[in-house]
Amino acid sequence: MLSVLNQTYKNIEYIIIDGASTDGTKDVIYKYKSKLAQFISEPDKGIYDAMNKGLFLATGDYVLFMNSGDEIYAPETVADVFDTESAADIYYGETEMFNEQWQSLGQRRHCTPEDFNWKSFRYGMNISHQAIYVKRSIAEPFDLRYKYSADIDWIIRAAKNASSIVNTHMYVAKYLVGGVSKKKHLASLKERFQIFTKYYGLVPNLINHVFISFNLVQYYIRHRRTND
């Protein structure tokens, strides 16, 4: 929360959607409630249902989704993002990975592409949803048929709707390893395969996964982790 509230860019509509948690999360949120545009705590159908609620409530020009545990990279990040170019449909940047002890694991295995479009995910998800700012007018709801990888489908659809996409060439997010997609890794991979097949075709997707698997093995041999 502090990574959002401490941004030097002040024109931020901060919306928090909580799934009726009982672990003390709401107590922390209430400490900052006066600084929030919206705060909802109620049962939901999963993380992407919560994101859809936030998207429905948002009134700003752009949307950025941050999960519990993730952070905007630095206090100046949002201001720096919008300074790179004016009125783009999508801004994106790099993500730094962290473990549960908040020790840096370095850059994600899938580095951001120099130029991004809807076909750029064919060799893996190379932009995390914490690192992409999407103009609200082109942001469609998350597809709740996907429980673990709907963010991939969402970004691809946003990229297909975009006419201008800007690479900020900087770190914009800190990602805490161990979220829902990691805990349900096999189910998440199956959904990713379905999504990539939908957009890129079955045969090209099978061929692309040969390269994805090869790159994964190479990276693991060198670093003893996957960083994805």
Side-chain angles (χ1 to χ4, degrees), residues 1-7 9-73 77-78 81-82 89-92 95 118 121 125 127-162 172-184 187-188 191-192 194-195 198:
M1 289 182 67
L2 292 178
S3 79
V4 179
L5 296 174
N6 290 336
Q7 287 298 304
Y9 187 89
K10 296 304 180 184
N11 192 25
I12 293 177
E13 179 187 45
Y14 192 14
I15 299 170
I16 295 183
I17 310 296
D18 173 70
S21 61
T22 58
D23 60 356
T25 295
K26 288 188 288 186
D27 295 332
V28 176
I29 295 172
Y30 275 125
K31 293 179 182 179
Y32 304 97
K33 191 174 180 182
S34 63
K35 299 181 179 181
L36 306 179
Q38 298 270 4
F39 171 46
I40 292 177
S41 182
E42 62 185 17
D44 54 46
K45 300 174 184 177
I47 185 171
Y48 300 114
D49 182 34
M51 289 181 174
N52 277 343
K53 291 179 182 180
L55 183 60
F56 177 78
L57 292 171
T59 63
D61 294 327
Y62 293 86
V63 291
L64 170 68
F65 292 93
M66 302 294 289
N67 295 339
S68 176
D70 301 328
E71 294 185 5
I72 298 177
Y73 196 77
T77 296
V78 176
V81 165
F82 291 124
D89 288 335
I90 291 176
Y91 298 88
Y92 70 96
T95 302
W118 69 274
F121 277 5
M125 187 182 181
I127 301 176
S128 62
H129 76 248
Q130 296 90 341
I132 186 166
Y133 296 63
V134 177
K135 186 174 286 188
R136 188 170 58 87
S137 60
I138 67 168
E140 300 174 358
F142 289 85
D143 190 337
L144 299 187
R145 290 178 297 176
Y146 306 116
K147 296 182 181 298
Y148 312 111
S149 298
D151 50 333
I152 295 177
D153 175 76
W154 183 80
I155 293 175
I156 292 174
R157 283 187 283 128
K160 291 188 77 170
N161 292 335
V172 298
K174 296 179 180 180
Y175 174 84
L176 179 63
V177 174
V180 173
S181 62
K182 199 67 176 178
K183 293 175 182 177
K184 300 288 187 179
S188 174
E191 283 192 357
R192 291 184 184 200
Q194 293 172 2
I195 292 167
K198 179 172 70 171

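Values reported hereafter were calculated over all heavy atoms of this structure, with side chains retained and with hydrogens, waters and symmetry mates removed.
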Compare all side-chain heavy atoms of [X] with those of [Y] and state whether any distance is below 4.5 angstrom.
{"X": "Q130", "Y": "K174", "result": "no"}
{"X": "I195", "Y": "Y146", "result": "yes"}
{"X": "M1", "Y": "L36", "result": "yes"}
{"X": "I72", "Y": "V78", "result": "yes"}
{"X": "K26", "Y": "D18", "result": "yes"}
{"X": "D27", "Y": "I29", "result": "no"}
{"X": "D61", "Y": "K135", "result": "no"}

What residues form a ring-ring contact (aromatic ring centres under 6.0 Å, His included) with F142, not counting sequence neighbours? Y48, F65, W154
Going by the rule ring-ring contact (aromatic ring centres under 6.0 Å, His included), which residues pair with Y30 if we only count those two or more places apart in sequence or in a different chain?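 ring-ring contact (aromatic ring centres under 6.0 Å, His included) check on Y30 returns F39.
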Check [X] against [Y] and note the closest heavy-atom contact, atom names and distance.
{"X": "T95", "Y": "A131", "answer": "OG1-CB, 3.3 Å"}
{"X": "L176", "Y": "D70", "answer": "N-OD1, 2.9 Å"}
{"X": "A139", "Y": "V134", "answer": "CB-CG1, 4.0 Å"}
{"X": "S21", "Y": "S41", "answer": "N-OG, 4.2 Å"}
{"X": "A158", "Y": "I138", "answer": "O-CD1, 3.6 Å"}
{"X": "E191", "Y": "R145", "answer": "OE2-O, 4.1 Å"}

Can any side-chain N or O of [X] pair as donor or acceptor with the backbone N or O of [Y] at less than 3.5 Å?
{"X": "S3", "Y": "E71", "answer": "no"}
{"X": "R136", "Y": "G60", "answer": "yes"}
{"X": "S149", "Y": "S188", "answer": "yes"}

Salt bridge or not between K198 and D153? Use side-chain N to carboxylate O under 4.0 Å.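 Salt bridge between K198 and D153, a charged N being under 4.0 Å from a carboxylate O: yes.
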Take a 6.0 Å sphere around [atom1] of [X] and say whether it holds more than 12 heavy atoms from other residues, nucleotides or ligands.
{"X": "K10", "atom1": "NZ", "result": "yes"}
{"X": "Y9", "atom1": "OH", "result": "yes"}
{"X": "D143", "atom1": "CG", "result": "yes"}

After noting the C-alpha distance and the side-chain angles of M125 and I155, does the key distance pass the side chain to side chain contact (heavy atoms under 4.5 Å, CB included) rule? CA-CA 10 Å; M125 187 182 181; I155 293 175; 3.8 Å; yes
Counterpart residues, side chain to side chain donor-acceptor pair (under 3.5 Å), relative to [X] (two or more places apart):
{"X": "N161", "result": "E140"}
{"X": "T59", "result": "E13"}
{"X": "Y62", "result": "none"}

Measure the [atom1]-[atom2] distance between [X] and [Y] for me, rounded to the nearest 0.5 Å.
{"X": "I127", "Y": "I132", "atom1": "CD1", "atom2": "CD1", "value": "5.0 Å"}
{"X": "I15", "Y": "L55", "atom1": "CD1", "atom2": "CG", "value": "9.0 Å"}
{"X": "H129", "Y": "Y175", "atom1": "NE2", "atom2": "OH", "value": "8.0 Å"}
{"X": "Q194", "Y": "I152", "atom1": "CD", "atom2": "CD1", "value": "11.5 Å"}

Checking side chain to side chain contact (heavy atoms under 4.5 Å, CB included) for the pair I16/I40: CA distance, chi angles, key distance, verdict? CA-CA 6 Å; I16 295 183; I40 292 177; over 6 Å; no
ring-ring contact (aromatic ring centres under 6.0 Å, His included) between F82 and Y91: does it pass, once the steps are laid out? CA-CA 8 Å; F82 291 124; Y91 298 88; 5.3 Å; yes
I would like to know whether Y32 and L2 meet side chain to side chain contact (heavy atoms under 4.5 Å, CB included); could you show each step before the answer? CA-CA 9 Å; Y32 304 97; L2 292 178; 3.8 Å; yes
Should Y14 and L5 be marked as a side chain to side chain contact (heavy atoms under 4.5 Å, CB included) after you check the CA-CA gap, both sets of side-chain angles, and the distance that decides it? CA-CA 8 Å; Y14 192 14; L5 296 174; 3.6 Å; yes
Which salt bridge (charged side-chain N to carboxylate O under 4.0 Å, His left out) pairs, counting each pair once, include a residue from residues 43-53, with sequence neighbours left out?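 Listed once each, the pairs are E42-K53.
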